[in-house]
Structure formats: C-alpha cells, structure tokens
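First the proteins, then the strands, lettered A, B, ... as listed; each starts at 1.
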Amino acid sequence: MAAPLRAPKGTYDVLPGSPFLAVREALLGPAALAGYDYVEAPVFEDTELFARGVGASTDIVTKEMFTFTDRGDRSLTLRPEGTAGVLRAALQAGLQHGQLPVKLRYAGPMFRAERPQAGRFRQFQQVGVEALGSDDPALDAEVVALAASAYAGLGLTGVRALVTSLGDAACRPAYREALTAFLDGLDLDAETRRRAAINPLRVLDDGRPEVQAQLEGAPLMADALCDACRAHHEAVLGHLAALGVAVEPAPRLVRGLDYYTRTTFEFVHGGLGAQSAVGGGGRYDGLSQELGGPPLPGIGWALGVERTLLALEAEGVAAPGAPRLTAFVVPLGAAAKARAVTLVAELRAAGVAADLAYGDRGLKGAMKAADRSGAAYAVVLGDRDLEAGAAPVKDLRTGEQTPVALDALLTHLQEQSP
RNA sequence: GUGGGUGUAGCUCAGUUGGCAGAGCACCGGGUUGUGAUCCCGGUUGUCGCGGGUUCGACCCCCGUCACUCACCCCA
C-alpha cells in the first residue's frame, strides 16, 4: 500500500467542530459595522506586485514566497499578505475616484514558505481592513480601535496594542542616515550588516540579546519626527485615548514590510509560544505610487486567525461555536421514515435547523445520534405515532417529553428555534 | 536554512535488563423487541514511521532516512 497522503508541510485542515469560521467572522464584525465593505482579490498575483509592494529587502520577498511560472511564462506568486492585492484591486477598479475614504475588509489564506512552528504556517488565514484615500488621524484611530474591539468581542483580555510612528518621506531619510551612522559603529555580523545596508530600521527589532545590547542608545524615529508627523501621531494618540483604547508606545517597533509610514502598530499576546504577534498594521501613504498608481494614502491591518485561536485557548476563553440544531428526528419504521424525510425538509424550509437519524438504526442508537448532534429536541416519529397523529418531542437537556400533534409540530419547533 | 524533541490502535499514551502488542477514550452491538447523556456486558481496530545492521530473538540497541513538533530567524 502506498503511503497515505498528508496535507503539505505547514498546512492544516479545518475540521468539524472547529471554531475557525466563527472566529474569522467575529474578527471582522466591528469592521462590517463601521462601513468596511467586503472584497476579495486573487490568491495569486504577478510576482512584481509583491516585489514592489512588500519591499525587495524584506524576508518575505527574498526567501518566503511561493513563486511559480505559468504556461505563458508569467511569474506568479501566492500572496504572502493581503494589502498589496487589495490596493491593486482598488486602483484597478478606480475606487479612488469615488467617495473617500474607501473602506474595505477581506479574509482569506496567505502563503509564506517558512519553517512551520507553533502559530506559524505556510498557508495561514488573515482577516484585514484597508482604508484608502485619507490621512485623517481619526481614521488611524478608528482602524486601531476596530482591531481592539474585534479581540475584545471574542472575550480576549490579554491583547496589548503597541503603537509608534515611522515618520514619512520628510523626516525618515535624515533619521535613517543617523541610524546608519550609529549602526556603522557597532560590532555586527555580515548578514546583519547586509540587512542594515538595505533597511537599517529592521536591525532595531533584531531579537538577539547581543544585538539588542548594542542598540542601547540608538537614535529613535520617535525623537526625529518632523512637525507634521509629530502632530499626526499626537492626534492619533489623542483620538485613541478618547476612544478608551489602551495603547503602549513602542519606539523600537518595526514591521517586516517596507511600505509602512507614520502610524504603525502591532497587537501582541503572551500566550502564543514564540510568536507573539496576533495582528499588525499601519499607514502606507506611499504604497499606491510604489505600485504605479496615483498618490493615495492608506492605512490597514491584518489579524491572524490561527493566532487568535491560540490566544483564546491560552486565555481559556470559549470560542464561539457552530449554530446548534433545534430538532433531530428519530424515525421508527418504513412509513415513519418516509414522513421523516419530508418533515425535516419542511422544518428547514421554515428556518428550523433540523436533521434526522439516517441508517435505519434502532431507537437506542438513533437517540444516541440525537444526543451527539447537539440538537435541543428529539422528535420520535414511529409508525404508531403517524397513526395516532402526534409525536413525542423530547427536550434533550431536561429529558422532559411531551406529545405534539403532527400538524402543530412545525409551528411548535419554530417557537423553540433560537 | 540551522538546532532540540517525538514517532506504538481512529485519539491520548503505557510497554520493565532485548523474550507472546497493551490501557483509557472513541466506535459498534447487547442488557431495555419505543428513549440519549450515567451504569453493566461483549466486540472491531496495529507495516510499533520507513530502510538497513547487531542478536537465537528487536517496539526496545546501532546507522541512515522521512514525517511531525518546538525553538532560532522572521512574522499573522
């Protein structure tokens, strides 16, 4: 026998009973209420979109992309993140010519060819929002607040919001120069020097203690912001305080994508193992032009579904479950079986979640199936109940059982339906 | 890409100095020919990851390999 097939490395299956779908929906709930419209972009795009959008210096682009060539010799890449594709779709559709800001939400799989570990997969799920066409600091605050409510709505209390400003084209170049000069004086390995040459900011979030020790006293962007960026950042923090969203300043925060400007943030949780980020995002006022589009400011975030599930587990919070069945029909006998099939269809048509015991099982086995279905009520429908014109309806939680006339069954169960 | 750990039933795992392959859960049936979740009885399920080696004999020791997993790096 051939070896059984397995899911590819770093992928997983969402199996029955998983809170995955409910959690993914819940994470986007606040955004939906705030006017963020649902969009979907392709799972693969021209490789160039990510090379230009995400940044040629990033780890994502240099070593983590699933890139392939199609039969027309086009280089395509499975999306490693969502923002580039959503922005591309918005520009292609000319949404920037309509009312601004354009507010979008999305959900779906992303792909990065990393070595898998706890909370890290090669195909993983993100939900995201993007708000395009406005640099209003109140919008920055709204976006951060939406993520905070998404986590709070699930019952999470251990998510911390780290916020900083990365400056813009007016102030970052000078800062970058100062940081480069500082880094030049340090004792760094060749690989880190290479990274520093491409993007010195990324050295700041190096996790190694020997590197961090040397970064003591490094110049910080927060101290080098131009007046406009400083005013913007203070306005954002003011709005967040007014909204009651607790944030922590994080002057060393640098994200792994090159397109961020000004407001940049990350949501972290302590219970995830080595990966602490459950979500992150920021402003990307230069990205549109980077992609060959018009000047179009934007801000957004992406939240990791798997890591949110890990956080729920770490906090011992019950994840939202699947909707439960109201009725489970247990047929006894051939005539009753035929009637049960149509009864269940009628119940479903009336909006009552219903199922029945397939397989002509005995009463005991069928009742067991009713119990395991999670249904609130079992309807025992035997041939003799058909003749009597009434069927016992059993409340599976209390064990209480009452006969209900067959022609009243549908309305009776409709009333019990949530 | 680099390091550590783990691979035994569908799941979670025992398995003694190398000597017949095990438990719990789950699943199916019965106890109760019309009542689940409790209880009792019975039953089904194995390439001990894979390939070599050592040995009278290997789940156990050795070598290789693959997979999973955790961590580095990075990030959701």
Side-chain angles (χ1 to χ4, degrees), chain A residues 1-12 15 24 27 54 57-64 79-83 107-128 147 159 189 191-192 195 202 205-209 211 253-257 266-269 272-281 301-311 328 330-333 336 357 359 361-385 388 391-401 403:
Chain A
M1 192 174 77
L5 294 170
R6 305 183 53 90
K9 180 191 277 288
T11 68
Y12 63 94
L15 294 170
R24 195 177 73 176
L27 285 173
V54 176
S57 74
T58 61
D59 281 9
I60 291 176
V61 169
T62 55
K63 53 186 190 189
E64 295 176 0
R79 61 183 182 196
E81 59 96 50
T83 299
M110 307 297 161
F111 306 84
R112 296 182 199 172
E114 300 181 276
R115 190 87 171 256
Q117 69 187 74
R120 194 170 80 181
F121 301 91
R122 291 182 162 196
Q123 172 174 338
F124 59 101
Q125 291 270 343
Q126 290 186 336
V127 302
V159 178
D189 60 276
E191 169 65 20
T192 308
R195 262 193 345 185
R202 300 204 45 228
D205 72 345
D206 195 307
R208 292 170 294 178
V211 176
L253 179 65
V254 178
R255 313 213 60 256
L257 300 90
E266 194 164 292
F267 297 91
V268 297
H269 193 279
L272 307 189
Q275 318 296 328
S276 63
V278 290
W301 47 241
L303 312 182
V305 178
E306 295 86 359
R307 292 192 186 174
T308 302
L309 289 166
L310 285 177
F328 193 92
V330 174
L332 290 172
R361 318 174 61 166
L363 179 64
K364 183 181 174 132
M367 285 304 291
K368 204 167 188 174
D371 183 48
R372 287 177 190 168
S373 75
Y377 297 91
V379 179
V380 179
L381 190 65
D383 290 347
R384 76 187 196 201
D385 305 301
V393 174
K394 185 170 190 175
D395 184 325
L396 289 171
R397 249 160 42 106
T398 65
E400 219 171 299
Q401 184 165 303

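Contact annotation: the side chain of A:Glu81 never approaches that of A:Ile60 to less than 4.5 Å [non-hydrogen atoms, C-beta and beyond]. Contact of the A:Met110 side chain with the A:Pro80 side chain is not registered, since no non-hydrogen atoms from C-beta on lie closer than 4.5 Å. Within the 4.5 Å cutoff, side-chain heavy atoms of A:Val127 are placed close to those of A:Trp301. Counting only heavy atoms from C-beta outward, the side chains of A:Tyr377 and A:Asp395 approach each other to under 4.5 Å. Side-chain contact check for A:His269 versus A:Arg307: every heavy-atom pair is 4.5 Å or farther apart. Side chains of A:Val330 and A:Met367 form a contact here, defined as non-hydrogen atoms less than 4.5 Å apart.
For the pair A:Leu332 CG and B:G34 P, the computed distance is 7 Å after rounding to whole Å. If you take CZ of A:Arg6 and C1' of B:A67, they are 6 Å apart, rounded to a whole angstrom. Counting to the nearest Å, the P atom of B:C75 and the CG atom of A:Leu310 are 19 Å from each other. Going from atom CZ of A:Arg24 over to atom P of B:A76 covers 18 Å, rounded to whole Å. The separation between A:Ile60 atom CD1 and B:C73 atom P is 16 Å, rounded to whole Å. The CG-P distance, from A:Asp383 to B:U33, rounds to 17 Å in whole Å. We find that CG of A:Leu272 is positioned 10 Å from P of B:A71, with the value rounded to whole Å. Rounded to an integer number of Å, the gap from A:Asp371 CG to B:G36 P is 10 Å.
A 3.5 Å limit on both hydrogen-bonding distances identifies no Watson-Crick or G-U partner for B:U55. The base-pairing partner of B:C72, taking Watson-Crick or G-U wobble contacts with both distances under 3.5 Å, is B:G1. Nucleotide B:C39 forms a Watson-Crick or G-U wobble pair with B:G31, both donor-acceptor distances falling under 3.5 Å. Nucleotide B:A23 has B:U12 as its partner under the Watson-Crick or G-U criteria, with both atom distances under 3.5 Å. Pairing of B:U65, defined by two Watson-Crick or G-U wobble distances under 3.5 Å, is identified with B:G49.
Side-chain nitrogen and oxygen atoms of A:Arg202 include at least one within less than 4.0 Å of the OP1 or OP2 phosphate oxygen of B:C75. For A:Lys9 and B:C68, the shortest distance from a side-chain N or O to OP1 or OP2 is below 4.0 Å. In this model, the phosphate group of B:A71 is approached by a side-chain N or O of A:Gln117 to a distance below 4.0 Å at OP1 or OP2. For A:Arg372 and B:C27, the shortest distance from a side-chain N or O to OP1 or OP2 is below 4.0 Å.
A:Val380 comes within 4.0 angstrom of a base, heavy atoms only. Using a 4.0 Å heavy-atom criterion, one finds that A:Glu266 contacts no nucleic acid atom at all. Within 4.0 Å of A:Ala370, counting heavy atoms only, lies no atom of the nucleic acid at all. Among the protein residues, A:Gly119 comes within range of the nucleic acid bases, having at least one heavy atom under 4.0 Å from a base atom. At a threshold of 4.0 angstrom between heavy atoms, the contacts of A:Gly399 include nucleobase atoms, whether or not backbone atoms are also involved. A:Phe121 comes within 4.0 angstrom of a base, heavy atoms only.
The base of B:C74 is paired with the side chain of A:Arg120 by a donor and an acceptor separated by under 3.5 Å. The base of B:A76 sits within donor-acceptor range of the side chain of A:Glu114, with an N or O pair under 3.5 Å. Checked by distance alone, A:Lys364 brings a side-chain donor or acceptor within 3.5 Å of a matching partner on the base of B:G31.
Taking atom P on both nucleotides, B:C27 is separated from B:G22 by 24 Å, rounded to a whole Å. B:C25 and B:C68 are spaced 23 Å apart, taking the C1' atom of each and rounding to whole Å. Distance noted for atom C1' between B:C61 and B:G18: 8 Å (whole Å). Taking atom C1' on both B:U55 and B:C39, the two are 50 Å apart, rounded to the nearest angstrom. Rounded to a whole angstrom, the distance from the P atom of B:G49 to that of B:U8 is 6 Å. Nucleotides B:U45 and B:A26, compared at atom C1', are 11 Å apart to the nearest Å. Between B:C73 and B:G4, the distance separating the two C1' atoms is 16 Å to the nearest Å. Straight-line distance between the C1' atoms of B:G34 and B:A23: roughly 36 Å, to the nearest whole Å.
Mapping A:Arg361 and A:Leu381 onto RNA chain B via the closest heavy atom, the residue that lands nearer the 5' end is A:Arg361. A residue-by-residue look at A:Ala277 and A:Arg397 shows that A:Arg397 has its nearest nucleotide of RNA chain B further toward the 5' end.
Across B:A71, B:C74, B:U35, the shortest atom-to-atom separation from the side chain of A:Arg115 is found for B:A71. Considering only the side chain of A:Met367, B:G36 comes nearest among B:G36, B:G34, B:C72. The side chain of A:Lys368 lies closest to B:A37 when the candidates are B:U35, B:C73, B:A37.
The CG atom of A:Leu332 sits 12.5 Å away from the CZ atom of A:Arg361 when rounded to the nearest 0.5 Å. Rounding to the nearest 0.5 Å places CD of A:Glu306 at 12.0 Å from CD of A:Gln275.
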